[in-house]
2 protein chains.
Amino acid sequence: MEKDLCQISCVNRPLVEQVLKALPDEPLLCGAAEIFKMLADPNRLRLLHALTQEELCVCDLAALVDTSASAVSHQLRLLRTARLVKYRREGKMVYYQLDDEHVAHLLQEGLRHAAED
Amino acid sequence: MEKDLCQISCVNRPLVEQVLKALPDEPLLCGAAEIFKMLADPNRLRLLHALTQEELCVCDLAALVDTSASAVSHQLRLLRTARLVKYRREGKMVYYQLDDEHVAHLLQEGLRHAAED
DNA sequence: TCGACGGCTGAACAACTGTTCAGTTATTGT
DNA sequence: ACAATAACTGAACAGTTGTTCAGCCGTCGA
């Protein structure tokens, strides 16, 4: 690594060291990246946006994004393991909702910034 | 599509229609997804976090994330085209900074939510 | 208890992402 | 004008992501 060039010449070492110290540690950065990764797909954004309004079952969500129930189920598993949604079983049906308001907040922030391009 | 199952039985059509109407339109959703996609990588998060503190040149940034200048340059291009960073040329050097405070804000939000897991 | 149905899962495949490598452009000092 | 250096770029490759397909699990009604 770092073999490409300018090992000694142009790097402002002290400044880099300083900035480096202020960086959040590895697990926190990766955790944040994981959350953003979940938000990095239009279909998942649709699902999450829908869940900001209503609790919905898998079939509803599949109809909403116009794909197979299987595909949605896979997506929901990702969102579940990332703690962005939680679910509730009622008979045969499983109803999903957002895990907390942070999710809705982040989503809204992203949409706002995308709008004022 | 939608061939998998439950075409008629369990879908709550009116509710789906209602939620569907409230969804942001395609380009907005994709725009937001693009932004989140840029934030979905630990190294890019490091770069952006560093730039919240200091204006830095490509070499500095490469040293910071401990990769080649080429790799960083590719990443910076992505961030540039997504309008998350802007740059300034000074002689041979190119200095990068965040395009606006929204970026810093989103970044901070993501880190905060990752922290309070 | 059995069949139907809502939902979940693993494997496989195509599409996308990030890095490396090699080569190019732009600017500076000699 | 030439060599050196900071940065950019396209092609290629490995690793990851999202969908499909086929089959499984859990619950309900007959």
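Labels below follow one simple rule: chain letters A, B, ... track the order of the sequence lines, proteins then strands, and each chain is numbered from 1.
- The side chain of B/Cys59 lies closest to D/dA7, out of D/dA7, C/dG7, D/dT19.
- Contacts between residues 39-50 of chain A and DNA chain C, defined by a heavy-atom separation under 4.0 Å, are absent.
- Side-chain proximity of B/Lys92 to C/dT9, D/dA7, D/dT5: nearest is D/dT5.
- Atom CG in A/Leu78 sits roughly 14 Å away from atom C1' in C/dG10 (whole-Å rounding).
- Phosphate proximity of C/dT19 to B/Gln75: present, with a side-chain N or O under 4.0 Å from OP1 or OP2.
- Under 4.0 angstrom from either OP1 or OP2 of D/dG10 there lies at least one side-chain N or O belonging to B/Arg77.
- For A/Val94, taking side-chain heavy atoms from C-beta onward, the closest of the listed nucleotides C/dT20, C/dG7, D/dC8 is C/dG7.
- Both geometric conditions, a ring-centre gap below 5.5 Å and a plane tilt below 30°, are fulfilled for B/His74 over the base of D/dT9.
- In this structure, A/Asp25 CG and A/Leu23 CG are separated by 10.0 Å, a value rounded to the nearest 0.5 Å.
- The phosphate of D/dC25 has neither OP1 nor OP2 within less than 4.0 Å of any side-chain N or O from A/Arg89.
- If you check every strand for non-hydrogen atoms under 4.0 Å, B/Tyr96 touches sugar and phosphate atoms only.
- To the nearest 0.5 Å, atom CG of residue B/Leu48 and atom CG of residue B/Asp41 are 10.0 Å apart.
- By the 4.5 Å heavy-atom criterion applied to side chains, A/Val65 and A/Gln75 are not counted as neighbours.
- One interatomic measurement links the two molecules: CD of B/Glu90 to C1' of C/dA26, which rounds to 15 Å at whole-angstrom precision.
- In this structure the side chain of B/Asn43 never reaches within 4.5 angstrom of the side chain of A/Leu29, judged on heavy atoms.
- Within the 4.5 Å cutoff, the side chain of A/Lys37 has heavy atoms near those of the A/Glu34 side chain.
- Taking 4.0 angstrom as the limit, A/Ser68 places a side-chain polar atom (N or O) nearer than this to OP1 or OP2 of D/dT20.
- How far NE2 of B/His74 is from CZ of B/Arg77: 6.5 Å, rounded to the nearest 0.5 Å.
- Here the P atom of nucleotide D/dT17 and the CZ atom of A/Phe36 are 17 Å apart, to the nearest Å.
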